[in-house]
Number of protein chains: 2
Amino acid sequence: MPPPRATYRHGDLRAALLDAGLQLARAGGPDAVVLREATRRVGVSPNAAYRHFADRAALLAAVSDAAQGLAADSMKTALDALTAGGTAAEAARGRLHAVGSGYIAFAQHEPGLFRAAFTVPSDLSEAFSLAKAGRDGLTPFQLLAGVLDELVAAGEIGADRRLGLEFLAWSAVHGLAMLVIDGPLRGLTAELIDATRERLLDMVDSGL
Amino acid sequence: MPPPRATYRHGDLRAALLDAGLQLARAGGPDAVVLREATRRVGVSPNAAYRHFADRAALLAAVSDAAQGLAADSMKTALDALTAGGTAAEAARGRLHAVGSGYIAFAQHEPGLFRAAFTVPSDLSEAFSLAKAGRDGLTPFQLLAGVLDELVAAGEIGADRRLGLEFLAWSAVHGLAMLVIDGPLRGLTAELIDATRERLLDMVDSGL
DNA sequence: TCCAAGTTGTGAACACCGTCCACAATGCCG
DNA sequence: CGGCATTGTGGACGGTGTTCACAACTTGGA
């Protein structure tokens, strides 16, 4: 129930709606981002949204992109928490581990946003879209790809095996995230989930 | 627009609604299973559904269970297509590969049903529910667990490593399925997807 | 400076959805 | 044969996405 606007124009309605949409997604996943509710929270009539988004789907897509940016932030945070040290190879493996951990941590701490981020259909052509990027301008996909490149540079992975490796690592980590959020792993203790995550990341690591 | 029923009672409305729900899910995923449309297809008033399902959620849950049974069928089909031969260890590895392939094949051929099957929240306590079982009475989870047991019996995996192994294999395969259906791998050529699947299954195989 | 044109918000309306209530038709059991 | 639980119907309510016509405001050029 925000107070009535002073001016007739809102100022930045698009951003406000996107923000409300993110709140809704955070609380209830993609299905909870309801156009009318978003406009209600912003204190504007339902139809005003149509000046900034073609559709509910368009609003949801924008929310999804923003949520992917937040996922990228979580991955980046995990990367930044690493202490430098060891050989280049060790460092690169540590960074691969961090990227995966950050991804899963995001799913655990923001399941609604995670679902909103990765349930909306998209394809490879959008994996580099700036709209999906985090604070540092990189998308989750780009962060992963960067770490894989480091592994190649460090000689841990043959350059001939590099192509498409993103999909293997992503699959494993994404799958675990889904199973933890609303699959059979839901409700398991944090310790058990942590242990499973470590084993999974080991599997990825050894399986290249 | 089915012809009006001869009898006032329908006969087996619950099964008919479930079937209509499966059709809807097949065409449009979980969001497409809308209660009113299901009753419409069956030729019954919207409220009739409430005599057999508490909720739209209950109908969707039933659809999800049935879809998991179909996934189990796809996995079982892949298993049955294997030709016996080789050592016990080789056979067990082949069966692990088949289980994963069958799972991904189901996602590719029935993306709507796949989403309906695995997007609905559930937890481990339901992983053995007979409602989710396929023709042979086994759930997808049980099929996977069985193959992992074979690997242990064949000496390919140490018994001490067995616990929770389902989650590693499942994560990888489930993640790839999701990425293929509406993730960045969407729209890739079948050859590329097949190649990625093989590499992924190799990763699982070697990563135990 | 003023006014025409574009932009952005409003209000009313429509169709559709899930769900609840009261009621009717039906099958079953004593 | 008669009562009763079961199963389907009809009508209604509030909520949703979306469209159309219109109003308020901003802006840029004569």
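Proteins come first, then strands; the chains are lettered A, B, ... in the order of their sequence lines, and each starts at number 1. Bear in mind the structure is a predicted one, so any value in this text is a computation, not a measurement.
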Student: If the threshold is 4.0 Å, N to carboxylate O, is there a salt bridge linking B:Lys76 and B:Asp73?
Tutor: no

Student: In this structure, how many angstroms lie between the C1' atom of D:dC25 and the CZ atom of A:Arg9, rounded?
Tutor: 5 Å

Student: Taking only the side-chain nitrogens and oxygens of B:Tyr8, find out if one of them lies under 4.0 Å from OP1 or OP2 of C:dG27.
Tutor: no

Student: If you look at every heavy atom in A:Gly100 and A:Val173, which pair is closest and at what distance?
Tutor: O-CG1, 3.8 Å

Student: Give me the ring orientation class for A:Tyr103 and A:Phe114: parallel if the planes are under 30° apart, tilted from 30 to 60°, perpendicular past 60°.
Tutor: perpendicular

Student: Could you measure the distance from the CD1 atom of B:Ile104 to the CG atom of B:Leu176? Nearest 0.5 Å is fine.
Tutor: 4.0 Å

Student: B:Asp12 has an atom CG; how far is it from atom C1' of D:dT7, in whole Å?
Tutor: 13 Å

Student: Round to the nearest Å and state the distance from A:Leu60 atom CG to D:dT16 atom C1'.
Tutor: 15 Å

Student: The side chain of B:Tyr50 lies closest to which of these nucleotides: C:dT26, C:dG18, D:dA24?
Tutor: C:dG18

Student: According to a strict under-4.0 Å criterion, is B:Arg40 in side-chain N/O contact with OP1 or OP2 of C:dC17?
Tutor: yes

Student: Whole-Å distance between C:dT26 C1' and B:Arg51 CZ?
Tutor: 13 Å

Student: Quick one: does any side-chain atom of A:Thr119 pair with a main-chain N or O of A:Ala116 as donor and acceptor, under 3.5 Å?
Tutor: no

Student: Between residues 29-39 of chain B and DNA chain C, which residues have a heavy-atom gap below 4.0 Å?
Tutor: B:Val34, B:Leu35, B:Arg36

Student: Within a strict 4.5 Å, meaning less than it, do heavy atoms of the B:Met75 and B:Phe106 side chains meet?
Tutor: no

Student: Please report the shortest heavy-atom distance between B:Gln68 and B:Ala117, naming the atom on each side.
Tutor: NE2-O, 3.1 Å

Student: When the ring planes of B:Phe167 and B:Phe141 are compared, do they come out parallel, tilted or perpendicular, using 30° and 60° as the limits?
Tutor: tilted

Student: Using a cut-off of strictly less than 4.0 Å between a heavy atom of the residue and any atom of DNA chain C, enumerate the qualifying residues of residues 18-28 of chain A by number.
Tutor: none

Student: Take atom CZ of B:Arg56 and atom P of D:dG14, then tell me their distance rounded to the nearest Å.
Tutor: 22 Å

Student: When you match B:Leu13 and A:Asp55 each to their closest nucleotide on DNA chain D, which lands nearer the 5' end?
Tutor: B:Leu13

Student: Give a yes/no on whether any side-chain N or O of B:His52 is located under 4.0 angstrom from OP1 or OP2 of D:dT6.
Tutor: no

Student: Closer than 3.5 angstrom, by distance alone: can the side chain of B:His109 be matched with the main-chain N or O of B:Ala105 as a donor-acceptor pair?
Tutor: yes

Student: Separation of B:Arg14 atom CZ from D:dT6 atom P, in whole Å?
Tutor: 16 Å

